[in-house]
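A note on names: the letters A, B, ... follow the listed sequences, proteins ahead of strands, and every chain is numbered from 1. Below, each value reflects all heavy atoms present in this structure, side chains not excepted, and no hydrogens, waters or symmetry copies.
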Amino acid sequence: MEEYNFKKIEKKWQKFWEKEKIFKTLDNKKKPKFYVLDMFPYPSGSGLHVGHLKGYTATDIIARMKMMQGFNVLHPMGWDAFGLPAENFAIKNKIHPELAVKQNIKRYKEELKLIGPTYDWDREINTTDPNYYIWTQWIFLQLFKAGLVEESFEPINWCPYCKTGLANEDLEEGRCERCGSKVEKKPLRQWKIKITKYADRLLEDLEMLDWEEPIIKMQKDWIGKSEGVEFQMKIFLDNKETNKKIKVFTTRIDTILGMTYVVLAPEHEILEKLKNEIRNFDQIKKYQKEVLSKSDVERTKEKTGIKVEGILAENPLTKGKIPVFVSEYVLKDYGTGAIMAVPAHDKRDFEFAQKFNLPIKKVILSENSNEEYFEGEGILINSGEFTGLETKVAREKIVKVLEEMGIAKKTYYYKIKDWVFARQRYWGEPFPLLFCENCKKRILEKKYKEGEFNKGELLNPGWICVAEKNLPVKLPKVKYYEPTGTGEGPLANIKNWVITRCPKCGGIAFRETNTMPQWAGSCWYYLRYADPKNKKELISKEKEKYWLPVDLYVGGAEHATRHLIYARFWHKFLYDLGIVSTKEPFLKLRHVGLILGPDSRKMSKRYGNIITPEEICEKYGADALRLYEMFMGPFSQEIAWQEKGVIGMKRFLERIWKIKNKIKKLKEKKEEKNILSILHKTIKKVTEDIENFKFNTAISQIMIFFNELEKGEVIDKGIFELFLQLLSPFAPHLCEELWHILGNKESIFKSKWPQFNESFIKEEKEKFLLLIQINGKLRDRVLIDSDLEEKEIQNIVLQREKVKNWISNKKIKKIIFIKNKLINIVF
RNA sequence: GCCGGGGUGGCGGAAUAGGCAGACGCGCAAGGCUUAGGACCUUGUAGGUUUUUCCUGUGUGGGUUCAAAUCCCACCCCCGGCACCA
């Protein structure tokens, strides 16, 4: 008999699918749509490994099932090719990024095609294509015009190796996420996008998403909303009241009576205002410099600080005067940059108080009295009129008192910072902005016509938008693109590109030489797939309405606090512009767990444990690879690669191949009830499990069904076809081959997905297996007629030899009976 | 440190509105086939035991229940996220 030649079969059907354009997505609005999306890869130089294919296989399975269920499926693929990884690869290998990206894409595409995916390559996109990034620039311009982009010179994270500024999101434990270098703080001219303006909506709308709870939690924590109270404290010069005040923010206003000192961030502006009054101002200045030179990680190591000599702050409730400190543990850019310190009920304040020998006053009764500090809820003590109140109640009462004094309000702060959007690198989208000295002057001197400048231009005097008709601002082709390290991008060296004319005044203007960060292109790519060839707009209204939002989005959890926040932000902005009609881009999100190397470590060149799809497809075939990756275990879980597992799948496919000559077209359909029952159970389980990302148990059920089929002398053709359909999303090539061998002319993926019939599953059983427990332990089991009464069943059970032996002559206390299942005799 | 997720045979993992622990696959063992090996087929496979028997078993220790991998309390370990956010 002919062997299972997987190579021949797989090549044959991949060609067939491509030629027949089976997976071509038409904008067929008569059918219901299903948009399933993979997070698109950045094509790095090292190619794909088997881990990358796990998510892609899963979406492919779902795409195939949805097609068969009658959906119009959009399942596209593209390349996120701008950014540091691509550029660093290019520099290292001395090859121009444009060329490197081209080569890498070619390789990625070949490797992806190995598993026979359903991608419609006519919709392929590439973020570095001017026809694509014209719209990235266009969206940026809209953000700019809306006043959501601002030039800033503040110190930001700077990677000395990559020679660029980075956003908070791009750090891992104080190191550059890309190269691992320690990040420094460096003052730098940069563009910030005001994502904080959308913080509340980014938080609220998480409610409407079908995302896994841990990912939602990560986003919530990253946005980090804290609700509390902001109140003013008077400042005294020794014992003389001044007109200066310090604002502090706290989430625990109930502990205000326990405040024993106040701490300011070293950079707090009030220090400058009081420099003549503060006796040790020079010392504080010096401390401030020290702290600013430290990285965020170094700042957390110990609690240093200095007392601000000469001034005191007044607790508004007690009128008590307390000392003021500066310390690095208070951050300037969170809350008001000043805190009320309550060492008895806050760990950090406690540590600081210990070090500086400051009084610790308990104001909440804690159950465990030898605790050094107590951060929980409880009953107030030592709190005057508030003593005896519960903390929760006390918070409300105290706020009210302070509000009546006119010095406090309830408020909240976010942890999320505005998005540092500029990179001092070559390989990214150029900003569609120009700088014009003349216009800057006119704006500052208010010598311009009403409406001449937009909101963004007025906000950033001198920066002028490139006219939309002149987009895209193409990234110039250059020979030298290494980062400069000066804080300017490499583009600054290309004089004839930089120097241009100002569209407003006609004078000389200079182009912005920074480029956009890697994340820019991925913020909106899912929109482009729905309308990839549109030259007039980024997406037509009609196509947006039909295809959006994305029904299912699959990718790694590492994007939880970056891409997934940025993309949601841009989507909401586009919603405000009326370009998209949904508040959220991705309805359902599932994250894929890593495949680890055979040594249980992350697959990496460093460990030499990379398994490539080429070698596996060569040895065992794409279907075996797909099947194994889905069978390994729960989809979102990290699991180590075991080559033996693929062999097992190959073996399973071979058994299916071999069973061909047992298949007969049975005229009389007198299938055993048993087979029909398993068949329908399998249809149900496979359909539901695919929907719920439980691919491992779906495959297990398919195997159970197959094991049963294999036992028979003959297999009914109709039943075997149903079996093939159920398996086809997982092992498309083999199933397509067998489907045709059985005489079908059309692709199996044009066939209709099997339906199950509940009545076959439930099937009225005449008998059931009763479990017999004695004192809760399983001791016996017996087949019982389903229509017997409880009493009759009891009699049967008690007559059984085994049961009699166990009970002998003990007195039965009670008998628990669960219908159709179990009986438990207790004595 | 705080917040998530998780700990089940030799291995990957099944089973949670509490009700046969170990489905399915890998590995291993015995037998068949074969000159032989591989492949393939059949059977067995949690550990122990006095082996048609009973005992013990889902990270550890307690608890609730007729009955717990599943619920409650305390603790240990692994993975991920955050990193002084007031």
Side-chain angles (χ1 to χ4, degrees), chain A residues 3 171-174 212-222 224-226 228-230 248-253 255 263 265 296-297 299-303 327-331 333-342 345-349 351-352 375 413-417 557-558 560-561 591 593-594 596 600 627-628 631-634 636-649 651-652 654-655 658 694 696-707 710 769-781 813-818 821-827:
Chain A
E3 234 177 88
L171 305 188
E172 263 173 18
E173 300 191 355
E212 291 146 307
E213 211 41 63
I215 306 266
I216 293 207
K217 188 81 179 38
M218 279 162 75
Q219 290 223 342
K220 276 189 185 161
D221 289 349
W222 191 266
K225 185 178 185 174
S226 296
V229 178
E230 198 174 281
V248 302
F249 173 66
T250 179
T251 53
R252 290 300 299 270
I253 195 72
T255 63
V263 191
D296 289 348
V297 176
R299 270 178 84 149
T300 65
K301 284 196 181 129
E302 63 172 324
K303 292 216 164 28
S327 170
E328 60 187 328
Y329 87 94
V330 174
L331 306 172
D333 49 4
Y334 184 77
T336 59
I339 61 153
M340 64 168 208
V342 185
H345 304 290
D346 182 281
K347 191 185 171 211
R348 298 152 300 180
D349 297 344
E351 284 167 1
F352 191 80
E375 295 180 320
Y413 282 96
Y414 293 105
K415 261 203 296 205
I416 193 170
K417 303 274 186 301
E558 70 272 18
T561 53
H591 89 274
L594 284 181
L596 304 172
S600 294
L627 217 44
Y628 172 59
F631 186 66
M632 289 175 92
S636 62
Q637 194 174 305
E638 268 184 20
I639 304 173
W641 178 266
Q642 287 186 330
E643 186 152 336
K644 292 271 196 229
V646 196
I647 298 176
M649 295 305 117
R651 203 176 288 163
F652 176 56
E654 255 161 4
R655 276 163 64 204
K658 276 199 297 202
K694 290 164 80 177
N696 53 335
T697 49
I699 294 171
S700 159
Q701 182 63 37
I702 291 173
M703 287 171 166
I704 291 169
F705 180 35
F706 181 77
N707 291 346
E710 214 180 24
L769 189 69
L770 180 77
L771 306 174
I772 302 171
Q773 290 186 339
I774 288 160
N775 279 339
K777 298 216 172 195
L778 184 76
R779 296 300 182 190
D780 199 5
R781 52 194 104 183
K813 261 197 218 150
K814 64 170 152 179
I815 294 176
I816 284 144
F817 180 75
I818 289 154
K821 210 165 218 172
L822 141 157
I823 187 163
N824 189 4
I825 300 161
V826 184
F827 55 78

Subject >> A/Thr251 and A/Tyr413 side chains, donor-acceptor separation under 3.5 Å >> reply: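 Short answer, no.
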[X] side chain, from C-beta outward: closest of [options]:
X: A/Ser226; options: B/rG19, B/rC79, B/rA86; answer: B/rA86
X: A/Gln637; options: B/rG13, B/rG19, B/rC20; answer: B/rG13
X: A/Lys644; options: B/rA83, B/rG27, B/rC82; answer: B/rG27
X: A/Ile704; options: B/rG19, B/rG13, B/rC24; answer: B/rC24
X: A/Met703; options: B/rA86, B/rC24, B/rC66; answer: B/rC24
X: A/Arg655; options: B/rC79, B/rC82, B/rG25; answer: B/rG25
X: A/Phe631; options: B/rC24, B/rC3, B/rA14; answer: B/rC24

Does [N] have its OP1 or OP2 closer than 4.0 Å to a side-chain nitrogen or oxygen of [X]?
X: A/Asn707; N: B/rG25; result: yes
X: A/Lys217; N: B/rG4; result: no
X: A/Arg779; N: B/rC55; result: yes
X: A/Asn696; N: B/rG25; result: no
X: A/Gln773; N: B/rC20; result: no
X: A/Arg651; N: B/rC26; result: yes
X: A/Lys347; N: B/rA83; result: no

Take the protein atom [atom1] of [X] and the nucleotide atom [atom2] of [N], then report the distance between them rounded to whole Å.
X: A/Tyr628; N: B/rC26; atom1: OH; atom2: C1'; result: 9 Å
X: A/Ile816; N: B/rA68; atom1: CD1; atom2: C1'; result: 14 Å
X: A/Phe652; N: B/rC26; atom1: CZ; atom2: P; result: 11 Å
X: A/Glu351; N: B/rA86; atom1: CD; atom2: P; result: 16 Å
X: A/Ile639; N: B/rG7; atom1: CD1; atom2: P; result: 12 Å
X: A/Met218; N: B/rC2; atom1: CE; atom2: C1'; result: 15 Å
X: A/Asp780; N: B/rG19; atom1: CG; atom2: P; result: 21 Å
X: A/Leu778; N: B/rU53; atom1: CG; atom2: C1'; result: 15 Å

Original post:
For A/Phe352, is the NZ or CZ atom of A/Lys303 found under 6.0 angstrom from the centre of its six-membered ring and inside 45 degrees of the ring axis?
Top reply: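 Judged by the rule, A/Lys303 and A/Phe352 form no cation-pi pair.
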On a whole-Å scale, what distance lies between the [atom1] atoms belonging to [N] and [M]?
N: B/rU65; M: B/rC55; atom1: C1'; value: 23 Å
N: B/rG7; M: B/rG59; atom1: C1'; value: 6 Å
N: B/rC20; M: B/rG37; atom1: C1'; value: 42 Å
N: B/rA69; M: B/rG22; atom1: P; value: 12 Å
N: B/rG57; M: B/rU43; atom1: C1'; value: 26 Å
N: B/rA14; M: B/rG38; atom1: P; value: 32 Å
N: B/rC78; M: B/rC24; atom1: P; value: 34 Å
N: B/rU8; M: B/rA15; atom1: P; value: 15 Å

Scan [X] against the nucleic acid and name what it touches under 4.0 Å (heavy atoms): base, sugar-phosphate only, or nothing.
X: A/Val330; answer: base
X: A/Thr300; answer: base
X: A/Met340; answer: nothing
X: A/Glu710; answer: nothing
X: A/Lys303; answer: base
X: A/Gly224; answer: nothing
X: A/Lys821; answer: sugar-phosphate

Original post:
Between A/Lys347 and A/Glu375, is there a salt bridge with N-O shorter than 4.0 Å?
Top reply: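 Between A/Lys347 and A/Glu375 there is no salt bridge, as every charged N stays at least 4.0 Å from the carboxylate O atoms.
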**OP:** Name the residue closer to the 5' end of RNA chain B, choosing between A/Gln642 and A/Asp333 according to the nucleotide with the nearest heavy atom.
**Re:**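 On the 5' side of the pair lies A/Gln642.
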Original post:
More 5' along RNA chain B: A/Arg252 or A/Pro634, using each one's nearest nucleotide?
Top reply: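 Counting from the 5' end, the first nearest nucleotide belongs to A/Pro634.
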Original post:
Centres of the A/Phe706 and A/Phe652 rings: under 6.0 Å?
Top reply: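 A/Phe706 vs A/Phe652: aromatic centres under 6.0 Å.
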Under 3.5 Å, side chain of [X] to main-chain N/O of [Y], donor-acceptor pair present?
X: A/Asp346; Y: A/Ala341; value: no
X: A/Gln219; Y: A/Thr561; value: no
X: A/Gln773; Y: A/Arg779; value: no
X: A/Tyr628; Y: A/Lys644; value: no
X: A/Asp349; Y: A/Val342; value: yes

Subject >> Watson-Crick or G-U stems involving RNA chain B, each at least 3 pairs long, distances under 3.5 Å, ordered by first number >> reply: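 When the pairs of RNA chain B are grouped into runs of at least three, the stems are B:1-7 with B:76-82, B:10-12 with B:24-26, B:27-32 with B:40-45, B:46-48 with B:54-56, B:59-63 with B:71-75.
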Subject >> A/Glu302: side-chain contact (heavy atoms from CB on, under 4.5 Å) partners, not counting sequence neighbours >> reply: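 Once residues adjacent in sequence are excluded, the partners of A/Glu302 under the side-chain contact (heavy atoms from CB on, under 4.5 Å) criterion are A/Thr304, A/Lys355.
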Original post:
Is the glycosidic torsion of B/rU34 within 90° of 0, making it syn, or is it anti?
Top reply: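 Because its glycosidic torsion lies more than 90° from 0, B/rU34 adopts the anti conformation.
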Subject >> Chi class for B/rG5: syn within 90° of 0, otherwise anti >> reply: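 Because its glycosidic torsion lies more than 90° from 0, B/rG5 adopts the anti conformation.
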**OP:** List the steps, then state whether side-chain contact (heavy atoms from CB on, under 4.5 Å) holds for A/Trp641 with A/Ser600.
**Re:** CA-CA 8 Å; A/Trp641 178 266; A/Ser600 294; over 6 Å; no
